[in-house]
Amino acid sequence: MKWLSILFSLFILFCKTYSTKPTEYKTKDYNQALEYLQGWILKTMDDYKVVGLSLVVVDDKQVLWKFQAGYENKEKKIPVRDNTNFNIGSVAKVINAVAILKLVEEKKLNLNDPIHKFVDDLPIDYDFNRPITIKQLLTHHSGLPSDLMRFLWNEDYLELEQITKEIRNIYLANPPGEVFSYSNLGVTLSGRIIEVLSGKKYSDYLQEMFRELQMNQTFTNLFRANNVSNGYELDLFGTKNKNEPPIVMVPAGGIYTNSEDMAKFMQMILNRGRINDKTYLSQNSINEMFRLQELSPMDDQLKIGLPFFLNDLGFGKFIQANHGGATLTYHSMMILLPELPIGILVMTNTTTGRFISSQVAVETLSFFTNHKFSIKRGRPSRITLENAIFNKKEISGYYNTSFGMLQILDEDSESIKCSYLDFSCEFIPDNGLFRFRLRILKFIPVEIMKDTDFVFKKINDQILLYSVMGNSTMLMGSKISFSEVEQAKQMIGEYVYPVEKNQTPFFYIEKLTVEEKDHKLILKIFYPNNPMPMMFYVIPFGKDKLKIPGLGRQLGDVLVFKNDEVYYSGFVFKKSK
C-alpha cells in the first residue's frame, strides 16, 4: 500500500540522530571549527537528501559567512550560488511587516486602526463593535480562518483584490483578539490594505521597497524572477523535481530571493533601520518588531513580536527573534539577535528541508556567537506548568487539533493512550511534559515530532493542547463538545470538486465527505495523490452550516451548504448522486 511506503520513508527520516553537534566540537581554532561546521552541514544535507541549501550570516556592518551547497538544478548540475533565488515562504511575513511599518511612519495608518476603515473585504459575521485591527492581522489574532486554500498555489498570477474579496463569503473562525491562530489569510489582507493606502499593486509597492534596499534580485512573482532553484520532493526512489507554481497570497509567503539580497535586508534591521547611512525605518519601528506583544490568556506562554516569534533558543537573556517559512518544497529559517547584533537566514529547496533548516540555522548561529561574542548557547529555559493538567479522566475526550481529530482514551496506563485519524497513538510523560508517538499497524512505535513536547492545560474552563518550544507554547488544539446531529442529517454525504477535463489545477481538494460515527459528525478532506484524508470533527452551525470546532490553526472554519453544494475555503463542491 502506498501510504505504508510513505510512512516507512518518514520513519527513516525521523529516526536519524547525530552523535556530535558543531557546538559540541571542542576546538578553539576558528578555521578548523568552521571547517567542521561546514562538514556537518554537508553531512546533514546528505542524510536528509536535501538537494540544495544557501545560508548567510551577517552583523549590522558586514557579511560574516556565506555558504552554498548542492544544486539549484540537479538535472543540469547547476550549483547553488549567492544569487540563487528560493521561495522563502512565510519569512515573507517579515518583509510585509516592514512595509506596514513604513506606512505607519508615513502616518497613513495606525496599527490599532480597524480594517473596515480601509477595506470592504469583511467576513459575513464581522462585528463593527469588535473590529479586527491591523496589528491583529500581523500577530495572527484577527479571528480569520487560517487559509483560503483555493488561493495557496495558482498557475496564474492573481492580484490580491481577486483573493481578498472572497473574505466576504466566509465566517470568522474566532472572535478577534481571542486567541493566536496562524492565518495566512489575515496577513494577505494586510497586503491588500497596503495596496489601498499606497495606490499601487502590492508587487509594485514591494519592488520599489526592494530597489531602495538594493535587493535588486528579489521578486514577488515567480514569472519575473531569475535564477530560481528547482524544488524537489523525496520519495522511496530518491529526490525528483517538483514544479511548484507561485503562492499567490504573496504577503504571506510568495517572495523569491537569495542570500545576497536577504543579507542586506537583515542588516537594515540589525542596523536599526539604516542602510548605506540612510534611514529606511525608525528605531521605534524596529523596536516594535522585537517587542513582546500583549496576548490573551489562552495564548498561555506564546511569545510573539511583529511578526517575529520570540522563543528562547538558548542564547541567554538576549532577544531571540525567529521566523520560518515553508512551501511544498522550499523551507527557510531566519533568526536575529538584534542586541548583539547578528542574524542568519537558511534556505533549502527540498521537502525534507523542513527537518534541517531550523537545526542548521541554530547550530551555525551558535558557532558565530561563540567565536565572535564568546557567548555559548545553553539549554532553553522551560515553560511554567501553571494551569497544566495531568488527570487522565479530565484530559480524556475528543479533540480537534491543527493536524486533525484526536481522541484521548481513559485507560489505566502510564502513558496517555489515544487515537489519531486511523492510527493508535500515545502521549508519553517526560519530565512534566509529554512526547507524542504513533503506533503504525498498532505495534510499530514512531516518534514523528522528536523536537516537540506537549502539555495539556485548563484555561478559561477549556482543556487545551499546546506544543512546547523552550519557554514558549503554541496552541495546537482543544477538547470539544458535541451537539445534536439530527438537524445535520441532510448534510451527510460525499461532495466532489468539479474539475474540467484536461484542466486539473496544481492544488485543489478532490472531495469532502461528511459522515456520522457514534453519533458524531466527521469531515474528511481528500487531496489528490494523498494516501489518507485529513479528518476533523464537525458540529451543526445553524440549519445549513457545519463548523470545525476547536482552537488552533486550521480550526474554526465554517462549511456552508446550499442546493446540494457546499462551500469550503474558497472551493465549491457538488454532492455526488
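Quick note: numbers below take in every heavy atom, side chains included, and nothing from hydrogens, waters or symmetry partners. For this chain, numbers begin at 1 and follow the sequence in order.
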Is it the case that atom [atom1] in [X] sees more than 12 heavy atoms from other parts of the structure closer than 6.0 Å?
{"X": "Glu339", "atom1": "CD", "answer": "yes"}
{"X": "Arg291", "atom1": "CZ", "answer": "yes"}
{"X": "Glu35", "atom1": "CD", "answer": "no"}

Is the shortest side-chain heavy-atom distance between [X] and [Y] below 4.5 Å?
{"X": "Asp82", "Y": "Lys66", "answer": "yes"}
{"X": "Ile342", "Y": "Leu270", "answer": "no"}
{"X": "Leu340", "Y": "Phe318", "answer": "yes"}
{"X": "Thr329", "Y": "Phe86", "answer": "no"}
{"X": "Leu103", "Y": "Glu106", "answer": "yes"}
{"X": "Ser467", "Y": "Thr473", "answer": "no"}
{"X": "Met289", "Y": "Val98", "answer": "yes"}
{"X": "Asn184", "Y": "Ile247", "answer": "no"}

Test item: [X] side-chain N/O and [Y] main-chain N/O as donor-acceptor pair under 3.5 Å:
{"X": "Asn349", "Y": "Tyr71", "value": "yes"}
{"X": "Asn85", "Y": "Asn226", "value": "yes"}
{"X": "Thr401", "Y": "Phe403", "value": "yes"}
{"X": "Ser282", "Y": "Ser285", "value": "yes"}
{"X": "Asp261", "Y": "Gln217", "value": "yes"}
{"X": "Ser402", "Y": "Arg553", "value": "yes"}
{"X": "His140", "Y": "Ser183", "value": "yes"}
{"X": "Asn311", "Y": "Leu313", "value": "no"}
{"X": "Gln320", "Y": "Gly314", "value": "yes"}
{"X": "Thr348", "Y": "His331", "value": "yes"}

Between [Y] and [X], is the closest basic N to carboxylate O distance under 4.0 Å?
{"X": "Glu233", "Y": "Lys240", "result": "yes"}
{"X": "Glu288", "Y": "Lys135", "result": "yes"}
{"X": "Lys242", "Y": "Glu244", "result": "no"}
{"X": "Lys278", "Y": "Glu212", "result": "no"}
{"X": "Glu72", "Y": "Arg81", "result": "yes"}
{"X": "Lys303", "Y": "Asp312", "result": "no"}

Once you measure the plane-to-plane angle for [X] and [Y], does it fall in the parallel (<30°), tilted (30-60°) or perpendicular (>60°) bin?
{"X": "Phe436", "Y": "Phe454", "value": "perpendicular"}
{"X": "Phe367", "Y": "His371", "value": "tilted"}
{"X": "Tyr182", "Y": "Phe309", "value": "parallel"}

For [X] against [Y], the heavy-atom pair lying closest together:
{"X": "Ile194", "Y": "Ala99", "answer": "CD1-CB, 3.7 Å"}
{"X": "Phe180", "Y": "His141", "answer": "N-NE2, 3.3 Å"}
{"X": "Phe219", "Y": "Ala225", "answer": "CD1-CA, 3.5 Å"}
{"X": "Phe373", "Y": "Pro341", "answer": "CZ-O, 4.1 Å"}
{"X": "Leu148", "Y": "Ile163", "answer": "CD1-O, 3.9 Å"}
{"X": "Ala361", "Y": "Ile344", "answer": "O-CD1, 3.8 Å"}

Sorted by chain and number, sequence neighbours left out, ring-ring contact (aromatic ring centres under 6.0 Å, His included) with Phe571 holds for Tyr497, Phe573
Glu510: what forms a salt bridge (charged side-chain N to carboxylate O under 4.0 Å, His left out) with it, not counting sequence neighbours?
none
Criterion side chain to side chain contact (heavy atoms under 4.5 Å, CB included) on Leu138 and Asn96, from CA distance to verdict:
CA-CA 9 Å; Leu138 301 184; Asn96 180 73; 3.8 Å; yes
For the atom pair [atom1] ([X]) and [atom2] ([Y]), what is the distance rounded to the nearest 0.5 Å?
{"X": "Ile275", "Y": "Met215", "atom1": "CD1", "atom2": "CE", "answer": "8.5 Å"}
{"X": "Thr218", "Y": "Leu213", "atom1": "OG1", "atom2": "CG", "answer": "9.5 Å"}
{"X": "Leu306", "Y": "Ile134", "atom1": "CG", "atom2": "CD1", "answer": "11.0 Å"}

For a side chain to side chain contact (heavy atoms under 4.5 Å, CB included) check, start with the C-alpha distance between Tyr466 and Met476, then their side-chain angles and the critical distance, and finish with the verdict.
CA-CA 5 Å; Tyr466 295 88; Met476 297 295 291; 5.8 Å; no
Show your working on side chain to side chain contact (heavy atoms under 4.5 Å, CB included) between Leu328 and Trp153 and close with a plain yes or no.
CA-CA 10 Å; Leu328 292 178; Trp153 289 272; 3.4 Å; yes
Could you check whether Lys49 and Thr350, counting side-chain N and O atoms only, form a donor-acceptor pair closer than 3.5 Å?
no
If we count only N and O atoms by modelled type, under 3.5 Å, do the side chains of Ser54 and Ser259 hold a donor and an acceptor together?
yes
Determine the sole option in Glu195, Glu208, Glu159 for which the salt bridge (Lys or Arg N to Asp or Glu O under 4.0 Å) test with Lys200 is passed.
Glu208
Please confirm whether His323 and Phe308 have ring centers closer than 6.0 angstrom.
no
Walk me through it: do Asn87 and Ile255 pass the test side chain to side chain contact (heavy atoms under 4.5 Å, CB included)?
CA-CA 6 Å; Asn87 186 324; Ile255 291 177; 5.9 Å; no
